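None of the values given here were measured: they were computed from a predicted structure. Below, chains carry the letters A, B, ... as their sequence lines are ordered, and counting in each starts from 1.
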2 protein chains.
Amino acid sequence: MFELPKENITPDVFREKCPARYLLNRVSGKWSILIIDILDDRNLRNGELMRLVEGISQKMLTQTLRELESIKLITRHDMQIIPPHVEYELTSLGKSLREKICAMDRWIEENMLEIISNNKNFSVKIAE
Amino acid sequence: MFELPKENITPDVFREKCPARYLLNRVSGKWSILIIDILDDRNLRNGELMRLVEGISQKMLTQTLRELESIKLITRHDMQIIPPHVEYELTSLGKSLREKICAMDRWIEENMLEIISNNKNFSVKIAE
DNA sequence: GCCAACGGTTACCAAAAGGTGCGTACTATC
DNA sequence: GATAGTACGCACCTTTTGGTAACCGTTGGC
């Protein structure tokens, strides 16, 4: 629950109490970025997300999905059958944000080798 | 210190042990995004950054700057004078990444009102 | 009959992130 | 002489984040 200030709702991520800052912190979480990225035009199910996003736990997956749903970036489709079948889908807002997130993720992948080569923080040197 | 796997260094943020995942986690930290965003073409000093990035503590600022320096996104220029004068600057790699990060930040600012309006998670409703 | 799979929830605990206050050394201003 | 500004480092403590294991109810396969 985020308390909106009564004055000053000019969007600005640099202002501590601005909702934009709050949203940035939600979106830029460790798992949020990966989930938004992997949810492209297809819908994905809980189990599929678990397998595609390596390292995520069931707890964090559920928690992140609920959070993204609450800020209207994804929709949860519960088929109401037994055994359960639930699909997650990006909203149009989510798809729009996904473009920006993907641009960042692809940049990191493309520039990964340049960053880690000759870098003392990475222990095994990459072959030239 | 990140242990590089000997095999499989294909860049992929969805793979747990891929350096790309590690880099994504560094870059998408709570404060990293804001610091990269605010450092545009100008150089900024410690005190200026403290004032511009609302809510950051001295400890986190220093820590984040050191981290960004270690992955070659910023450069630290120590003028070696008393009283101290130190400037931080984006590397060309950092400037390139900044474009992607800014796109995300501006998107959040532009869509902030749409997200928070009629949202039960935000307690004071925004006037229409 | 037993187990896996579905999509979770809950409780408990460990690890990581982050805040606070103090100290450093020097200069310039009042 | 006291205070503020410069740019930090360090120790201590709290808060947040995240992992693990157990559990739920149902169905389908062996």
Inset, instruction - Taking salt bridge (Lys or Arg N to Asp or Glu O under 4.0 Å) as the test, write out the residues that go with A:R26, two or more places apart. - result: A:E67
Inset, instruction - Would you kindly give the OH-to-P distance between B:Y22 and C:dA16, to the nearest whole Å? - result: 13 Å
Inset, instruction - For A:G29 and for B:R76, locate the closest nucleotide of DNA chain D by heavy-atom distance; then report the residue assigned to the nucleotide nearer the 5' terminus. - result: B:R76
Inset, instruction - Return the nearest nucleotide to the side chain of B:R66; candidates are C:dT9, C:dG19, D:dC8. - result: D:dC8
Inset, instruction - Measure across A:G94 and A:I36 and return the closest heavy-atom pair with its distance rounded to 0.1 Å. - result: O-CG2, 4.3 Å
Legend entry - Nearest-nucleotide pick for B:V86, side chain only, options being D:dG9, D:dA7, C:dG19: D:dA7
Inset, instruction - Identify, between A:S57 and B:G47, the residue whose nearest nucleotide on DNA chain D lies closer to the 5' end. - result: B:G47
Inset, instruction - Looking only at non-hydrogen atoms, find the nearest pair between A:K72 and B:I115 and report the distance. - result: NZ-O, 3.6 Å
Legend entry - Side chain of B:R45 - closest among D:dT6, D:dG18, D:dG9: D:dT6
Inset, instruction - Could you tell me the separation between the CE atom of A:M60 and the C1' atom of D:dG19, rounded to a whole number of Å? - result: 10 Å
Inset, instruction - Return the minimal non-hydrogen interatomic distance between B:M112 and A:C18, and the atom names on each side. - result: SD-SG, 3.8 Å
Legend entry - Atom-to-atom span, CD of B:Q58 to P of C:dT24 - whole angstrom: 17 Å
Legend entry - Sidechain-backbone polar pair: A:E48 side chain, A:R45 backbone, donor-acceptor under 3.5 Å: yes
Inset, instruction - When you get a sec, tell me which of C:dG18, C:dG8, D:dT6 is the closest nucleotide to the side chain of A:Y88? - result: C:dG8
Legend entry - Presence of B:T62 side-chain N/O under 4.0 Å of D:dC8 phosphate oxygens OP1/OP2: no
Inset, instruction - Choose from D:dG18, D:dT6, D:dC8 the nucleotide whose nearest atom is closest to any side-chain atom of A:K30. - result: D:dG18
Inset, instruction - Sugar-phosphate atoms are those with a prime plus P, OP1 and OP2; base atoms are the rest. Using that split, label each nucleotide of nucleotides 21-30 of chain D B, S or - for protein heavy atoms under 4.0 Å, 5' to 3'. - result: ----BSS---
Inset, instruction - May I ask you to check whether A:N46 and A:E87 show a side-chain donor-acceptor distance below 3.5 Å? - result: no
